[in-house]
Each structure stands twice: as structure tokens, then as C-alpha cells.
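Working notes for the structure below.
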Amino acid sequence: MNRYEKAAAAAVALMLVAAGAIFLYAPGDALQGPVQRIFYLHVSSAIAAYGCFAVVLVGGIIYLRNESPVADRFARAGALVGVVFTTVTLVMGMLWAKPIWGSFWTWDARLTSTLVLWIIYAGYLLVRRLAEPGRQAARIAAVVGIFGFIDVPVVHFSVTWWRTQHPGPIVVNNALPAEMLATFLFTLACTLVLAAVLIAIRYRIETLLDAKVAIAEPAKLVSAQQPEAAP
Amino acid sequence: MTYLVLAYAFAVVLLGGYVFWSLRTLRELERRQ
């Protein structure tokens, strides 16, 4: 078992403890019933996705400044893991909406802006997949990643900027009982650890893929620097 | 209850599947290196 497998096992174990808190410790919701428990991972995944896309933003800015291959690899890793967490957010939200709203989807500001966020970063990944590896693809992707991040505050504040069907902020408004808040914060911490571990693993994969490209086609290297080991 | 089970089952399959796929890809690349 290498250090990445150990870290992944620890992150998965933490998520299992979080599942225990969600299903065994957190009290039930009198109004919504059992589906309210979707909230804990749905919101945690959304915040983890914001964090991943922040990595893409910072990586993109650093890449455009000094063409650092390390920053570019972090950006690629953040985009993929962010899309995974956004998918979890969207699908869990739809499965919560069906029994509560009576439909899986409504074109309100929060849902639509989240779908747009998913499309932006899926597009980022598509650019990376389809374009020839090299400076041009990395620069275009960095610009997409930087401008794409504009949608993150739009998603986050959509429930306060516009009248939406989606529930408004409840954590910052102290609308949760203590046990629910503790469960949410613990689940959020575990989800952020999982996201960090997944980015580290993906960073290592991107490093090895860059090394493979450098051996096969040296001219297509993102920069002249040799790939570095994961931090 | 059905939707709660479906939601967490989806999350487990997607996140678990992604963790497994990532580790398998990493192991394969490190083996070839």
C-alpha cells in the first residue's frame, strides 16, 4: 500500500464515520422527513466543488504568470475532482427535490447556475482532452478556468440575489439545531479531506502522464521544466 | 426514504468508483514507469 492508497483509505474511513453521524446521530426533520438527511452531503459536496474550482482558478493564474507545469497540473486535477463533486451535488439535489417539490428539476437561479458551473468545467476538461498537449491548450484552459470561476459566487449568492425555489442559507443564519450543525460541519470537514486527497492523487497521475508525453513527444511538453514529484 | 437511499447510493457509487478508478490508474502508471 503506497502513501496515496493509505490517504484514500483514511479519507474513505472518515466518510464512513460521517455517514454514521448523518444516519445515527443527526436528529430527523419533522417537516421534510428522512430526505432532509440528503442535505449533509449535498451541501458539503457543493462547498468541496467550490474549493476544487478555486484550485483551478489559482492554478490558472499562476500558469499564465510563469507557465509553471505544477500549477497547470493542479488546475487539471482540481477541475476533474470539482466536476465529480458538482455531479454529486446536482444529482443528490434532484433526488431531494422530487419528494419535496414534486419534480426533479426546476429552472431556478441556483439550479441553473450550478448546471452552468458543471458545463463550464466539463468544457474545461474537454479542452484538455481534445487539444494537443502543450502551451496553447494549457493557456486556453487557464483562461476558461479563471473566467469560469465567476460562476462560483453566482451559484453561492443566487439564493439571496434572486427569488428562488431553492432553500436560502440556513447554516450562516443559525437555522440548524446544534446536533444537525455538528453533523453538517463534521461531514463538511470529511468531504474536504476527501477532495484534497483526490486532488493529490490526480496531481500525481497528471505528473506521470506529463512524464509519459515528455518521453514520447518532447516538443509537446507544457514547458521546458521536467515534471516534479507530488508535494 | 426511497429517494434518500437512492441519493446516498449514487454518491457512494460515484465517489467510491472515482477513488477506485484513480488508484487503479495511478498504480498502472507507476508500474509502467
Side-chain angles (χ1 to χ4, degrees), chain A residues 1-2 4-9 11-12 15-16 19 22-23 32-42 44-45 48 77 80-81 83-85 87-100 104 191 194-195 197-209 211-212 215 230, chain B:
Chain A
M1 210 181 211
N2 62 36
Y4 294 98
E5 289 168 348
K6 283 178 189 165
V12 169
M15 290 305 289
L16 290 175
I22 291 166
F23 289 101
Q32 294 187 16
V35 284
Q36 184 273 338
R37 292 180 201 274
I38 288 175
F39 153 84
Y40 300 105
L41 189 59
H42 168 71
S44 299
S45 294
L80 182 55
V81 177
V83 166
V84 170
F85 277 108
T87 308
V88 171
T89 306
L90 280 169
V91 174
M92 290 190 89
M94 287 165 67
L95 290 166
W96 172 86
K98 179 64 179 168
I100 300 297
F104 287 108
T191 309
L194 178 66
V197 168
L198 291 178
I199 287 178
I201 293 171
R202 190 66 211 176
Y203 177 89
R204 179 67 184 148
I205 290 171
E206 296 292 346
T207 305
L208 293 170
L209 288 173
K212 209 170 129 187
I215 292 165
Chain B
M1 193 67 173
T2 309
Y3 290 102
L4 176 68
V5 172
L6 276 175
Y8 276 95
F10 175 81
V12 167
V13 168
L14 185 63
L15 292 174
Y18 181 75
V19 170
F20 177 78
W21 173 77
S22 295
L23 291 174
R24 202 186 64 172
T25 307
L26 180 59
R27 184 169 278 202
E28 185 67 21
L29 284 167
E30 287 192 327
R31 193 181 57 79
R32 277 191 214 159
Q33 201 188 29

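Protein chains get the first letters and strands the later ones, always in sequence-line order, with residue 1 at the start of each. Just so it is clear, the model here is predicted, and its values are computed rather than measured.
- Heavy-atom distances place both the backbone and the side chain of B:Glu30 under 4.5 Å from chain A.
- Within a 6.0 Å radius of CE in A:Met1, other residues, nucleotides and ligands contribute more than 12 heavy atoms.
- Here OH of B:Tyr3 is found 4.5 Å from CZ of A:Phe104. Values are rounded to the nearest 0.5 Å.
- Each of A:Asn2, A:Leu194, A:Ile22 has some count of heavy-atom pairs under 4.5 Å with chain B, and the biggest count is that of A:Ile22.
- Contact tally against chain A (heavy-atom pairs below 4.5 Å) for B:Leu14, B:Thr25, B:Thr2: the top residue is B:Leu14.
- Residue A:Ser45: no heavy atom, backbone or side chain, is found under 4.5 Å from chain B.
- Side-chain atoms of B:Tyr8 come within 3.5 Å of backbone atoms of A:Arg37 as a donor-acceptor pair (strictly under, hydrogens ignored).
- In terms of heavy-atom pairs under 4.5 angstrom with chain B, the leader among A:Val88, A:Val35, A:Ile38 is A:Ile38.
- Put simply, the side chain of A:Val197 does not reach to within 4.5 Å of the side chain of B:Val19, judged on heavy atoms.
- Between A:Glu206 and A:Arg202, at least one side-chain N (NZ, or NE/NH1/NH2) sits under 4.0 Å from a carboxylate O, which counts as a salt bridge.
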